[in-house]
Amino acid sequence: MQYDHKHIEKKWREKWRADKTYKVLNDPSKPKYYVLDMFPYPSGAGLHVGHPLGYIASDIVARFKRHQGFNVLHPMGYDSFGLPAEQYAIQTGQHPAKTTEENAARYREQLDAIGFSFDWDREVRTSDPAFYKWTQWIFLQLFDSWYDPRADKARPIAELIARFEAQGCMGQDASVLTGDVEEFMGEFTAAEWQAFDERTKQMVLQHFRLAYLSEAWVNWCPALGTVLANDEVKDGVSERGGHPVERKRMKQWSLRITAYAQRLLDGLDGLDWSDSIKEAQRNWIGRSEGAMVRFAVNTDLTPGPSPQERGEMQRDVPVDLRFDTANKRIYRDLKDRARRMRKEPTEAEAALWKALRNAMTGEKFRRQHVIQDFIVDFVCLPRTLVVEVDGSIHDQQADYDRYRTQQLEAYGFKVIRFTNDEVLRDKKAVVARIKEELAQRPTLEWPEGHFDEPDDAGTPPLSPGEGPGVRPHTPRRPQAEAAFHIEVFTTRPDTLFGVSFLTLAPEHELVSLLTTEDRRAEVETYVTKAKNRSERERQAEVDKVSGVFTGSYAKHPFTGADVPVWVGDYVLGGYGTGAVMAVPGGDQRDWRFAKHFGLPIIAVTEGADIDKAADERKDATICSEGFLKGLKVPQAITRAIEELERIGAGAGRVNFRLRDAAFGRQRYWGEPIPIHYQDDIPYPLPASALPLQLPEVDKFLPTEDGEPPLARAKDWTYDGHPLETTTMPGWAGSSWYFLRYMDPHNEDRFASPEAIDYWKQIDLYVGGSEHATGHLLYFRFWTKFLYDRGLIPFDEPAKKMVNQGMVQGISMMANVLASTRNGEEHYQVLALDNKTEGAFERNYPVDHVMFRDGRYWIDMAGAERTRTISAFRSYQLDAPSIELRPVVEKMSKSKFNVVNPDDIIAKYGADTLRLYEMFLGPLEQSKPWDTNGIEGTYRFLRKFWNLFHQGGASGKGGESGEGGEKGDNGDAPVPSTLRVDNTGLLVTDAPPTKPELKTLHATLKKVSEDIGKMSFNTSVSQFMIAVNELGSLKCNKRAILEPLTIALAPFAPHIAEELWEKLGHGTSITTAAWPQWEARHLEEDSFTYPISFNGKTRLQLDFPLALSKEELEAAVLAHPEVQAKLDGQAAKKVIVVPKRIVNIVA
RNA sequence: GCCCGGGUGGUGAAAUGGUAGACACGAGGGACUUAAAAUCCCUUGGUCCGGAAGGGCCGUGCGGGUUCGAGUCCCGCCCCGGGCACCA
């Protein structure tokens, strides 16, 4: 009876399908285990041998867990939205749904052939409306949520609206709610909120929603006609197809994954995932601690680059600025800040304010008023008198206060100062002093109505020529709405004293504003050039230094020194604030820039050789003059942040590299985004309108106006309002699909709470590591979100994950002499198509390749077709043989190196394929596929089969019928040979011998442990060892073979089922309990000790394990061979490790 | 540049600090066979001594170290694969 894999595998494939052997019920009475594979995108190319690697591993675990009594969820489905089907549709007009359907059917056939234990009743497809209904529903939940940083979780947007209605967004809220999530939005009171029109309210809410529409820089891929997420772009080109990608600013749906940055980072610690994946995610999230530093833009106080400008400034400033009190560029910012300060006055300020009002000075005072770059505590504008109340803080900033006074006086103000103490102790004295000063001040005329602001917010900037009769102030730069400070993020605030310039990214919003007229042309040329460059070009020019000076200066927050502001493309617009403080002494990039443009390089650390390079050591000592001198870097960082916070010029800040995820794609084949627009404001569709199904379109291309394909649909509206035309990206469905498997046919919910509560997290997730910063991050993000909203009871999707390595192909490359020109030989490298079996058939231009003696030869005799021959001749080959070179590379259709599992299965069977894929090496390792090695596993299965059919004899051509007569070649008689019908089985019920039991239990032990460790290659070798040993022992005993069959079943299910049935079992082997190994069968009474001398093994001696260490030592030393080795000398020392080794130190 | 992996026979690879190369492929030799397929047996890290039986020496990328003993632990390099990359 020969092992006939074709017959056996077909039989069981059909039986499993008919019996629904792998159907899984949600049965809370049983312990659960959830093993999931990353579902595939069903491409037209079908599966190659690399694809099933992970599926086989997870299938083994799933089957193993079933034997152990777990209720195992092991489903499969298709990630069926995606670009290839759509590209195919564009080329051929075939609807992507049809392409997808065909490809999925082909995948199913191939998967079935391998014998996976998937429950296909739970299949999901992301492109199925019944599935994407819930993808859309989850999107609506994201749209309906905001992230509350104080609760550190997502909450319904209604709670935020209620909060705004009750208390507005003021003070603390304004910074907490908006500060870290998006750009600062300012404050509004409850009354203001209520007064906002609908449009404004919705605009404000967009800044909070987890799914939001915003104008943003995106990765635009013109060739694909769509936007891509950051993880879909590699080295400046699209990951799929390798098309160039540009930065473009456009309206775009995004998901606020940045709100989860810290939790995504923290969550990694508890996950049993590979270090490389966790590390990749950590890098991608890119947390860095440092400080936000505000540099006041100081153009009006500082010398400009040209003498004319400098002269003008010195002449104008003191006159104009007394009246035009707010520096236009920072006005808005200061005003906001002043307003906040006014809401939270210190005790002394409040007391003085009250006293001044009561004192009836006859003058109008303003508090927390903006004057140019300063916010003064109190001011009487007509009398140009400033009153400052200094908190204890001022003890430490006497220098800054002096500077401040000096500057204010330069504008024509008189400054008088009181301490907190003075004010609180004797208000009357203070007020008297102020009155005294007022009497001495002249009164100035101001334009009529200039101060008539409703909320006394500060003096609005004057328009040119508006001043009180003095010379009109002519701004040298256009007026700007949002100009203020330049904020920079730095991880090294300790180096602040080494700042010699600031650099802005070319796309920084303040660039234009800060550019002086004489530099405008140059700056604009530079910025335009930088912006128009593709991401790829930018990366290619990374080592070139370029930049341009804006002509403006900022003010150093500690020293007050003028710091020139530059623009440079080494600063990225998308990270931090898009601006850096340049410390050439402490940062190599700044150093290069400074060197290139001859800017000052200031040493910040002791022992730095700043002529050669920046000193980036994190254990250095700061040498800058000032309060940081002598501190080590970490202490100096802390100290610098304290100082920044104290003087209000910055704060400690954690920054993340992670960006919000672009969520809209200008493509057809994806989930429609369930949003409609009224008055250009996005509104969600009601859940009852889901699924919002993909409309029919005439073409799958963008419209003539560049609108996405969905814009082609007739009547793409909801309730008369236009619907969103972009679709979701490929990763939408895969971000939550694991939940749908739990309850795949639920029409009322994405999955029932009972099902989710039963199956919970994935116990084992198997898939490729290439998804580290894409799918696996979004997957975790959505899970955390659903958890926050109380929809699922866990906040990580997968407890354990294993990444299978890549199975590489071996491509045959031929070096062909293409031509000889000028005596030089020109070779062309050709890739040849492989057709397994050692023979490599031509692709182009060589017709036939033979494989012999480990070398590859092209056989010219095989050239048949004229086309080939002529192509061949055109290379003027003068020799019939060319050496070929195998190259290991990614297995791919385009590289002619694909090995199809169908071919392998046809020849060797699925069980052999499964075993071989596992035997190839450690699961996580990448390895080239070499079909030649498969013979070994095929032989193993035949030997295993023969154990049951040849009375334990392992060879000698035993044919089925004659088996009985062979009984005499076994050690044991075969009295009770079991025969089931005509199966030819030859198995006895004789009691097993000790060595047989030892082999069995050693195997059970090793395999049980190895599956737990996901070490399948060593399990397979253990099976081979067992079969070899049992073959030598001529073992055909049921007591040994039956448990061994169960143990092999997860690896080779078809043959195991067949033998199990032959052994007389009426139910599937999948229901059999896993055989436990027993230590007693592995116990030995003696051990063969390696006896080593000075660590080198010289001989082996057998000793009973019962011997004590001392007895063993004595026995070893007494042994004649040991004595001979010692040659009369006494051993210096003897190390005895029981059951391991004896080492004699001579 | 930074961060993860990894480097062991002709090949894929094993090896809780304890006999390096299990298991398998390939190769060589042999048995069976008219032949082939299939199957089985022997050899197979390198090198040296020996007719043989045996035995010696060297060997896990390189150089150091810890240890009775290191592929395994520590330090410093080199190379390969992967991730991130002007991230301030």
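Reminder, nothing fancy here: chain letters follow the sequence lines and each chain counts from 1.
In this structure, A:His775 and A:His771 have perpendicular ring planes: the angle between them is above 60°, well past the 30° mark. The aromatic rings of A:Trp945 and A:His949 sit parallel, their planes meeting at an angle under 30°, below the 60° perpendicular limit. Between A:Phe1103 and A:Tyr1089, the ring planes lie tilted relative to each other; the angle falls in the 30° to 60° range.
As rounded to whole Å, 7 Å separates atom P of B:rA88 from atom CZ of A:Arg657. The separation between A:Arg942 atom CZ and B:rC40 atom C1' is 13 Å, rounded to whole Å. Here B:rA15 presents its P atom at 14 Å from CZ of A:Arg1140, a figure rounded to the nearest Å. Put simply, CD on A:Gln808 is 16 Å from P on B:rC80, counting in whole angstrom units. As a whole-Å value, the separation of A:Met292 CE from B:rA88 P is 12 Å. In this structure, A:His771 places its NE2 atom 13 Å from P of B:rG83, rounding to the nearest Å. Rounded to a whole Å, the CZ atom of A:Arg282 is 15 Å from the C1' atom of B:rC2. As a whole-Å value, the separation of A:Trp284 CH2 from B:rC4 P is 19 Å.
Using modelled atom types, one finds a donor on one side chain and an acceptor on the other under 3.5 Å when comparing A:Glu1029 with A:Thr999. No hydrogens or angles considered: nothing links the side chains of A:Asn655 and A:Ser288 as a donor-acceptor pair under 3.5 Å.
Backbone-only engagement by A:Ser288 is indicated by non-hydrogen atom pairs under 4.0 Å involving sugar-phosphate atoms exclusively. At a threshold of 4.0 angstrom between heavy atoms, the contacts of A:Pro928 with the nucleic acid are absent. At a threshold of 4.0 angstrom between heavy atoms, the contacts of A:Gln1100 include nucleobase atoms, whether or not backbone atoms are also involved.
Glycosidic torsion of B:rG6 falls outside 90° of 0, placing the base in anti.
The gap from the C1' atom of B:rU60 to that of B:rA70 amounts to 11 Å, rounded to the nearest Å. For B:rG17 and B:rC68, the C1' atoms lie 12 Å apart once the distance is rounded to whole Å. Between the P atoms of B:rU44 and B:rU34, the separation comes to 32 Å (whole Å). B:rA52 and B:rC58: their P atoms are spaced 23 Å apart (whole Å). To the nearest whole angstrom, the two C1' atoms, one in B:rG45 and one in B:rG71, are 15 Å apart. The same atom, C1', is picked in B:rG28 and in B:rG10; the two are 13 Å apart, to the nearest Å. Of the C1' atoms belonging to B:rC62 and B:rG51, the separation is 41 Å, rounded to the nearest Å. Separation of the P atoms belonging to B:rU72 and B:rU19 is 14 Å when rounded to the nearest angstrom.
Mapped onto RNA chain B by nearest heavy atom, A:Thr773 and A:Phe1087 fall at different nucleotides, with A:Phe1087 at the one closer to the 5' end. Place A:Ile1141 and A:Ala280 on RNA chain B by their nearest nucleotides, and A:Ile1141 ends up nearer the 5' end.
A salt bridge links A:Lys1013 to A:Asp1010: one of the charged nitrogens lies within less than 4.0 Å of a carboxylate oxygen. A salt bridge is defined here as a Lys NZ or Arg NE, NH1 or NH2 lying under 4.0 Å from an Asp or Glu carboxylate O, and A:Asp494 with A:Lys618 fails to meet this definition.
Nearest heavy atom pair, residue A:Asp590 against residue A:Val583, reads OD2-N, 2.9 Å.
The side chain of A:Ser276 sits closest to B:rC4 out of B:rA85, B:rA13, B:rC4. When each of B:rA88, B:rU19, B:rC84 is scored by its nearest atom to the side-chain atoms of A:Asp587, the top-ranked nucleotide is B:rA88. With distances taken from any side-chain atom of A:Thr491 to the nucleotides B:rA88, B:rC4, B:rU19, the minimum falls on B:rA88. Which of B:rA88, B:rG12, B:rC86 sits closest to the side chain of A:Tyr575 comes down to B:rA88. For A:Thr1097, taking side-chain heavy atoms from C-beta onward, the closest of the listed nucleotides B:rA88, B:rA20, B:rC84 is B:rA20.
For the pair A:Lys1005 and A:Trp1077, the cation-pi criterion (under 6.0 Å, within 45° of the ring axis) is fulfilled.
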(message) Return a single string for nucleotides 21-26 of chain B, one symbol per nucleotide in 5' to 3' order, where B is base contact, S is sugar-phosphate-only contact and - is none, cutoff 4.0 angstrom on heavy atoms.
(response) -BBSSS
(message) Treating primed atoms plus P, OP1 and OP2 as sugar-phosphate and everything else as base, which nucleotides of nucleotides 66-76 of chain B get B, S or - for protein heavy atoms under 4.0 Å?
(response) --BS-------
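Heavy-atom neighbours of A:Lys998 NZ from other residues, nucleotides or ligands within 6.0 Å: at or below the threshold of 12.
Of the possible donor and acceptor atoms, one in the side chain of A:Asp660 sits under 3.5 Å from a partner among the backbone N and O of A:Ile257. A donor-acceptor pair is defined here as one N or O able to donate and one able to accept, closer than 3.5 Å; no such pair exists between the side chain of A:Thr503 and the backbone of A:Ala579. Put simply, the side chain of A:Trp591 gets close to the backbone of A:Ile610: a donor and an acceptor are under 3.5 Å apart.
Pair check for B:rC73 finds B:rG65; Watson-Crick or G-U wobble, both atom distances under 3.5 Å. In this entry B:rC25 has B:rG10 as its Watson-Crick or G-U wobble partner, both defining distances falling under 3.5 Å. With a cut-off of 3.5 Å on both Watson-Crick or G-U wobble distances, the partner of B:rU19 is given as none. Here B:rC84 sits opposite B:rG1 as a Watson-Crick or G-U wobble pair (both hydrogen-bonding atom distances under 3.5 Å). Base-pair partner of B:rC57: B:rG46 (Watson-Crick or G-U wobble, both distances under 3.5 Å). Across the strands present, B:rA31 finds its partner in B:rU39; the criterion is a Watson-Crick or G-U wobble pair with both atom distances under 3.5 angstrom.
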Could I get a table of every N or O pair under 3.5 Å where one atom is in the protein and the other is in nucleotides 54-65 of chain B?
residue : atom : partner   : partner atom : Å
B:rG56  : OP1  : A:Lys1125 : NZ           : 3.2

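For B:rC86, neither phosphate oxygen OP1 nor OP2 lies less than 4.0 angstrom from any side-chain nitrogen or oxygen of A:Gln588. Taking only side-chain nitrogens and oxygens, A:Ser926 never comes nearer than 4.0 Å to OP1 or OP2 of B:rG82.
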(message) Determine whether A:Thr912 and A:Tyr3 satisfy the following criterion, side chain to side chain donor-acceptor pair (under 3.5 Å), listing intermediate values before the conclusion.
(response) CA-CA 12 Å; A:Thr912 300; A:Tyr3 169 49; 4.6 Å; no
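For an aromatic pair to be called close, the ring centres must be under 6.0 Å apart, and A:Tyr908 with A:Tyr916 fails this.
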